[in-house]
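To start, the structure under review is shown below, and the notes come after it.
Lettering of chains follows the sequences in order, A, B, ..., and the numbering in each one begins at 1. A quick note: this is a predicted structure, and the numbers were derived from the prediction, not measured.
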Protein chains: 2
Amino acid sequence: MVGIIVTLRRLEAGVVVNRTVLVVDDNAKIVEVLSAYLKSEGFDVRTAADGPSAVASVAEQRPDIALLDIMLPGIDGIELTRRFQREHDLPIILVTAKTEEIDRLIGLEIGADDYVSKPFSPREVVARVKAVLRRVDGSHIPDAPSAIEVGDMRIDNERREVTIAGEVVELTRTEFELLATMASHPGRVYGRLQLLEAVSGDAFEGYERTIDAHVKNLRKKIGDDPRNPRYVRTVFGVGYKVGTD
Amino acid sequence: MVGIIVTLRRLEAGVVVNRTVLVVDDNAKIVEVLSAYLKSEGFDVRTAADGPSAVASVAEQRPDIALLDIMLPGIDGIELTRRFQREHDLPIILVTAKTEEIDRLIGLEIGADDYVSKPFSPREVVARVKAVLRRVDGSHIPDAPSAIEVGDMRIDNERREVTIAGEVVELTRTEFELLATMASHPGRVYGRLQLLEAVSGDAFEGYERTIDAHVKNLRKKIGDDPRNPRYVRTVFGVGYKVGTD
DNA sequence: CAGGGGCTTCACAGGCAGTTCACACGTGGT
DNA sequence: ACCACGTGTGAACTGCCTGTGAAGCCCCTG
């Protein structure tokens, strides 16, 4: 069981302080991947592998937000959520193994600020962490515009929704991640390995050409012709990019 | 007239040099992935697939840091660590297959500067490489160069795009690599073998004159006259260079 | 447990890019 | 000025890269 704490910058008595995120999961790999992403986004990260460790970590120093797995040794995520919210008014994002659990949790009025179901992409988690922090203290969190526009296409990270000329386009999780990743830096070229990592969290396993398949499906849905693309351009021998030539 | 925007560099006797990382692993894919990420962060990367090759590579030219797999044909990573640290005072990051091995290794006081356990994310590795280099020589490591300017030509690595006086010039992958490689050290002369390696990743197969063909095509696209070049100059009997005379 | 959706992998086809060759031209040395 | 050798160049050839449809697999759903 591992817990991670992450932070984004915040102004405190005139001093710039990184936001701290506590990540709690017993899967070391998940913790590692999330840590890397959160750190690269400017958060400070602390980790815990089980319930009691998480409690100790929060008691020692209150993080700005906690990411809790539900299945946890010692004390489970639900109990932790109750305790942290009551005692520390801590924003919480719960991680569940099954989608259906979310409904049950909401029914139980657990009161977490957001939920993420596995499998999730690191990008998605980071986006939600930022969203919750933004919502909670309404402040300026650098980066992460909630929506990006490329031509008449609009990518809304918070709602996880893409519209073209106002029309909603239904995308799968992977397709959205692919598009959102590339659109976060329009014009920048992304290699297949980078995209594979952004989509699956691991660049080492998996077939690079899988990305091609997703790009194909994505293009079909957004009505993009590979020969004359408006949105997703292929960069021969390198990868793909979105937007400006 | 040469202008450099940003880059991962260090001043050495007045000369700008990229940091060099030696990646040693017998898994070709891992080497490939790590190389890609490290290069995209502005590092020069050399690779070796076994112990003896690594020794030869370091003897030939000392890298700034080495990334060693523990399980290695010929000479294992632990022995390499001892040798490199004793003989070259080389910063080392060890890669292990099992987390538990790390504790054992620390117990053995191998003296590596850091450890990474598989599976790891490429980002994590890059972060640790930077951290170790920062720790070792105290200097801040800036982010990867986003663009280099030579006269009115701008080479944007992130977008993989070249503009001259604001006009975009369409280049193939090889042409871009060629130009970007030479432009990373304006004024420095590159031999055909060096360029062949930079472009194909392998200097030992291929015809040197192939570079000439690419230079020809490149010059045509950027509007450079071989007799009176503004950007890519021929160094008779040696190779090519970009920029200042 | 049958159905469906989504992710991955595979095989094939077409096209673009890389390589090579041969010859013309320029360079530098004698 | 001549010669030898390195370089510029256009065209043909080869090979790699990408786009694509289809099949397999896994997980979730009803």
Side-chain angles (χ1 to χ4, degrees), chain A residues 96-104 117-121 124 160 169-179 189-193 195-229 232-241, chain B residues 32 160 170-179 189-193 195-229 231-241:
Chain A
T96 95
K98 299 162 198 158
T99 311
E100 68 218 34
E101 272 194 345
I102 291 181
D103 297 329
R104 190 171 64 79
S117 62
K118 300 177 184 176
F120 52 78
S121 80
E124 177 178 357
R160 308 211 114 235
V169 179
E170 293 291 342
L171 298 181
T172 68
R173 186 185 63 87
T174 303
E175 287 153 15
F176 183 88
E177 284 299 327
L178 208 53
L179 184 58
V189 179
Y190 290 80
R192 287 181 175 70
L193 287 172
L195 294 173
L196 199 55
E197 187 198 354
V199 152
S200 70
D202 190 339
F204 292 97
E205 55 190 42
Y207 185 36
E208 286 187 41
R209 295 293 310 279
T210 297
I211 295 300
D212 295 42
H214 290 301
V215 167
K216 181 194 58 169
N217 297 331
L218 174 59
R219 278 172 167 162
K220 190 170 188 177
K221 290 184 181 177
I222 63 179
D224 227 2
D225 176 8
R227 310 299 179 82
N228 190 22
V232 180
R233 301 169 190 279
T234 122
V235 180
F236 200 97
V238 183
Y240 299 92
K241 70 175 177 180
Chain B
E32 183 189 339
R160 290 204 140 246
E170 295 289 345
L171 298 181
T172 67
R173 182 189 42 150
T174 303
E175 287 152 15
F176 183 89
E177 288 296 338
L178 208 54
L179 183 58
V189 181
Y190 289 80
R192 287 181 175 70
L193 283 175
L195 294 172
L196 200 55
E197 182 181 9
V199 149
S200 67
D202 188 351
F204 302 105
E205 60 186 43
Y207 185 36
E208 284 189 41
R209 296 295 309 282
T210 297
I211 295 300
D212 295 42
H214 290 301
V215 168
K216 178 200 57 171
N217 297 330
L218 174 59
R219 278 172 165 161
K220 189 171 188 176
K221 290 183 180 176
I222 63 179
D224 227 2
D225 176 7
R227 320 294 181 76
N228 188 22
Y231 309 112
V232 180
R233 301 170 188 280
T234 302
V235 181
F236 200 94
V238 184
Y240 299 92
K241 70 174 178 179

Without decimals, in angstroms, what is the distance between [X] [atom1] and [N] [atom2]?
X: Arg233(A); N: dT18(D); atom1: CZ; atom2: P; value: 17 Å
X: Asn228(B); N: dG8(D); atom1: CG; atom2: P; value: 14 Å
X: Leu195(B); N: dT19(C); atom1: CG; atom2: P; value: 12 Å
X: Glu170(A); N: dG6(C); atom1: CD; atom2: C1'; value: 14 Å
X: Tyr207(B); N: dG15(D); atom1: OH; atom2: P; value: 18 Å
X: Lys220(A); N: dC7(C); atom1: NZ; atom2: P; value: 15 Å
X: Leu171(A); N: dC7(C); atom1: CG; atom2: C1'; value: 15 Å
X: Glu208(A); N: dG19(D); atom1: CD; atom2: C1'; value: 16 Å

Scan Val199(A) against the nucleic acid and name what it touches under 4.0 Å (heavy atoms): base, sugar-phosphate only, or nothing. nothing

Give Arg192(A) one of three labels, base, sugar-phosphate or nothing, depending on what nucleic acid heavy atoms sit under 4.0 Å from its own. sugar-phosphate

With axes from five pairs an end, tell me the bend angle of the helix from dC1(C)-dG30(D) to dT30(C)-dA1(D), nearest 10°. 40°

Determine, stepwise, if the pair Asn217(A) / Thr172(A) fulfils side-chain contact (heavy atoms from CB on, under 4.5 Å). CA-CA 10 Å; Asn217(A) 297 331; Thr172(A) 68; over 6 Å; no

Once rounded to the nearest 0.5 Å, what's the spacing between atom [atom1] of [X] and atom [atom2] of [Y]?
X: Arg173(A); Y: Arg160(A); atom1: CZ; atom2: CZ; answer: 8.0 Å
X: Arg192(A); Y: His214(A); atom1: CZ; atom2: NE2; answer: 12.5 Å
X: Thr174(A); Y: Leu179(A); atom1: OG1; atom2: CG; answer: 12.5 Å

So which nucleotide from dG26(C), dG8(D), dG18(C) ends up closest to the side chain of Arg173(B)? dG18(C)

Nearest heavy-atom neighbours spanning Glu175(A) and Lys221(A): OE1-NZ, 2.8 Å

Note: Tyr231(B) and Asp224(B) closest approach over all heavy atoms is N-OD2, 2.9 Å

Decide side-chain contact (heavy atoms from CB on, under 4.5 Å) for Asp212(A) and Tyr207(A); before the verdict, give the C-alpha distance in whole Å, the side-chain angles of both, and the deciding distance to 0.1 Å. CA-CA 10 Å; Asp212(A) 295 42; Tyr207(A) 185 36; over 6 Å; no

Heavy-atom contacts under 4.0 Å between residues 209-219 of chain A and DNA chain D, which residues? Arg209(A), Asp212(A), Lys216(A), Arg219(A)

Going by atom types only, do Arg219(A) and Thr234(A) share a side-chain donor-acceptor pair under 3.5 Å? no

When you check the phosphate oxygens OP1 and OP2 of dT18(D), does a side-chain N or O of Thr234(A) lie under 4.0 Å from one of them? no

Does OP1 or OP2 of dG18(C) have a side-chain N or O of Thr172(B) closer than 4.0 Å? yes

Decide yes or no for Tyr240(A) and Ile211(A): does some side-chain heavy atom of the first lie under 4.5 Å from some side-chain heavy atom of the second? yes

